[in-house]
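Just so it is clear: chains get the letters A, B, ... in the order the sequence lines come, proteins before strands, and each one is counted from 1.
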2 protein chains.
Amino acid sequence: MSSFLPTEQRLALTRRRHPAFPRGPAVLVRLVKHLHKRIHDDANTALKAFGLNHPQYNLLMMLYGTADHALHPSQLAEAAGEKAANITRLTNELCEKGLIARAASEGDRRKLVLTLTPAGLELIGQLLPSICDLLEEQTRGMSAREQAELERLLKKFLDGFDRRG
Amino acid sequence: MSSFLPTEQRLALTRRRHPAFPRGPAVLVRLVKHLHKRIHDDANTALKAFGLNHPQYNLLMMLYGTADHALHPSQLAEAAGEKAANITRLTNELCEKGLIARAASEGDRRKLVLTLTPAGLELIGQLLPSICDLLEEQTRGMSAREQAELERLLKKFLDGFDRRG
DNA sequence: GGATTTTATTTCATAAATGTAATATAGCCA
DNA sequence: TGGCTATATTACATTTATGAAATAAAATCC
C-alpha cells in the first residue's frame with residue numbers, strides 16, 4: 001500500500017508515549033519531507049540526460065520565468081530559495097556550460113546581471129517536454145479539483161511560516 | 001503578502017512561453033520545496049539548543065516510535081528516508097553523544113541493532129515540548145478540518161510517486 | 001556441502017549546501 | 001566631500017549528503 005504507513009504507525013506509538021505530541025501537524029511535516037525527497041530524486045533522474053541537476057534546472061527556470069530572462073544573483077537566490085554562497089557555485093557551473101552569462105549591472109556596480117544565453121534557452125526548450133511529462137505523471141492520481149484544493153491548503157500552510165518570520 | 005507570489009508570477013510567464021507547462025503540478029512541486037525548506041530550517045533552529053540537528057532528531061524519533069526503541073541501520077535508513085551511508089555517519093554522531101547504542105544482532109550477524117540509551121530517552125523528553133510547540137505554531141493558521149484535508153491530499157500526492165516506483 | 005548470489009554495513013572519494021568573513025561599491029548624511 | 005552604514009557578491013572553511021567500491025555474513029542453488 002502506501003509507503004507512508006510505517007511512518008503513521010511510529011507516530012501512533014510516539015503519541016502513546018508522549019500524548020501531547022500533535023499528530024496532525026507531525027504527519028503534515030513528515031509528508032512534506034517524503035514528498036520533497038521523491039520530487040527531488042525524480043527530477044534529478046529526469047535531468048541527468050540533459051547534464052543538469054535539480055538546483056541548476058531551478059535556476060534556469062527562474063530566469064526563464066522572468067520578463068527579460070535576467071536577474072541579479074540576490075534575486076535569483078531569493079527566487080530559487082538558495083543561499084547566496086550556493087548561487088555563486090551554481091551559476092559558475094551554468095556559466096561554464098555556456099547556459100547563462102554574467103554581466104556587470106549598469107546602474108549599481110555592486111551587482112551583476114545573470115541572463116539566459118541562446119544555448120540556455122535552447123536547452124530549456126529541449127528539456128521542458130520531459131519535465132512536463134514528469135509533472136503530469138506525478139499528479140495523475142489527483143483530479144484538477146483536488147490539485148486546486150491542495151494548492152490552496154499548501155499556501156495556507158506556508159503562510160503560517162511567513163507569519164512566524 | 002505571501003512569499004510565494006513571485007513564484008506564481010514566474011510560473012505565469014513560463015506558461016506564456018511554453019503553454020504545455022502544467023501550472024497546477026508545477027505550483028504544487030514548488031510549494032513542497034518551499035515548505036520543506038522552512039520546516040527544515042525551523043527545526044534546526046529549535047534543535048540547536050539541544051545539540052542536535054534535524055536529521056539526528058529524526059533518527060532519534062524513529063527509534064522512539066518503534067516498539068522496543070530498536071531498529072537495524074537499514075530499517076532506520078528506510079524510516080528516516082536517508083541513504084545507508086548517511087546513516088552510518090549520523091548514528092556515529094549519536095553514539096558519540098551517548099544517545100543511542102550499537103549492538104550486534106542476535107539472529108543475523110550481518111546486522112546491527114541500534115537502540116535508544118536512557119540518555120537518549122531523557123533528551124527526547126527534554127526536547128519534545130519545544131518540538132510540540134513548534135509544530136502547533138506552524139499549523140496554527142489551519143483548522144483541524146483543513147489539516148485533515150491537507151493530510152488526505154498530500155497522501156494522495158505521495159501515492160502518485162509510489163505508483164511510479 | 002561448496003560455489004554463487006544476495007543482503008547489510010561501512011569506508012572512502014566526491015559533490016552539494018551552509019555560515020562566516022572579506023571585498024567592493026552604493027547610498028546617505030553632516 | 002568625507003565618513004558612515006547598508007547591500008551585493010565572492011572566497012574559504014566546514015558540514016552534510018551521495019555514489020561506488022569493499023567487506024562480511026547469510027541465503028540459495030546445484
Checking contacts here: which listed nucleotide ([options]) is nearest the side-chain heavy atoms of [X]?
X: B/His72; options: C/dA17, D/dT18, C/dT9; answer: C/dT9
X: A/Pro73; options: C/dG19, D/dT9, D/dA17; answer: D/dT9
X: A/Asn86; options: D/dA17, D/dT9, C/dT18; answer: C/dT18
X: A/Ala85; options: C/dT18, D/dT18, D/dA17; answer: C/dT18
X: B/Ser74; options: C/dA8, D/dA8, D/dT10; answer: C/dA8

Exercise. Can you tell me if the side-chain N/O atoms of A/Lys111 get under 4.0 Å from OP1 or OP2 in C/dT25?
Worked result: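 Checking C/dT25 against A/Lys111, no side-chain N or O comes under 4.0 Å of OP1 or OP2.
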
Exercise. Do B/Gln126 and B/Glu122 get their side chains close enough for a donor-acceptor pair, meaning under 3.5 Å?
Worked result: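 Judged by distance alone, the side chains do pair up.
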
Exercise. Taking atom types as modelled and ignoring hydrogens, do the side chains of A/Arg110 and A/His72 form a donor-acceptor contact shorter than 3.5 angstrom?
Worked result: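 On atom types as modelled, these side chains do not qualify, holding no pair under 3.5 Å.
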
Exercise. Just wondering, are more than 12 heavy atoms of other shown residues or ligands nearer than 6.0 Å to CZ in A/Arg109?
Worked result: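 For A/Arg109, atom CZ is not crowded (no more than 12 foreign heavy atoms under 6.0 Å).
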
Problem set entry | A/Glu78 atom CD, neighbour heavy-atom count above 12 within 6.0 Å | no

Problem set entry | Pairing of A/Arg89 and A/Glu82 as salt bridge, 4.0 angstrom limit |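 Not counted as a salt bridge, because no side-chain N and carboxylate O are separated by less than 4.0 Å.
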
Exercise. So does B/Glu8 pair up with B/Arg30, basic N to acidic O under 4.0 Å?
Worked result: no

Heavy atoms under 4.0 Å, any strand shown: does [X] hit a base, just sugar-phosphate, or nothing?
X: A/Thr88; result: base
X: A/Ile87; result: nothing
X: A/Asp108; result: sugar-phosphate

For this session: Could you say whether A/Asp41 or A/Val113 is positioned toward the 5' end of DNA chain D, judged by the nucleotide with the nearest heavy atom to each?
Result: A/Val113

For this session: For A/Thr91 and for B/Gly107, locate the closest nucleotide of DNA chain D by heavy-atom distance; then report the residue assigned to the nucleotide nearer the 5' terminus.
Result: A/Thr91

[N] [atom2] sits how many Å from [X] [atom1], rounded?
X: A/Asn92; N: C/dA17; atom1: CG; atom2: P; value: 14 Å
X: B/Asn44; N: D/dT15; atom1: CG; atom2: C1'; value: 11 Å
X: A/Glu106; N: C/dA26; atom1: CD; atom2: C1'; value: 16 Å
X: B/Lys83; N: C/dA15; atom1: NZ; atom2: C1'; value: 13 Å
X: A/Leu52; N: C/dA15; atom1: CG; atom2: P; value: 16 Å
X: B/Leu90; N: C/dT9; atom1: CG; atom2: P; value: 15 Å
X: A/His40; N: D/dA17; atom1: NE2; atom2: P; value: 12 Å
X: A/Arg89; N: D/dA13; atom1: CZ; atom2: P; value: 17 Å

Problem set entry | Any N/O donor-acceptor pair, A/Arg110 side-chain to D/dT7 base, under 3.5 Å | yes

Problem set entry | Contact nearer the 5' end of DNA chain C, comparing A/Arg109 with A/Glu93 | A/Glu93

Exercise. Which residue lies toward the 5' end of DNA chain C, A/Asn53 or B/Arg102, if each is placed at its nearest nucleotide?
Worked result: B/Arg102

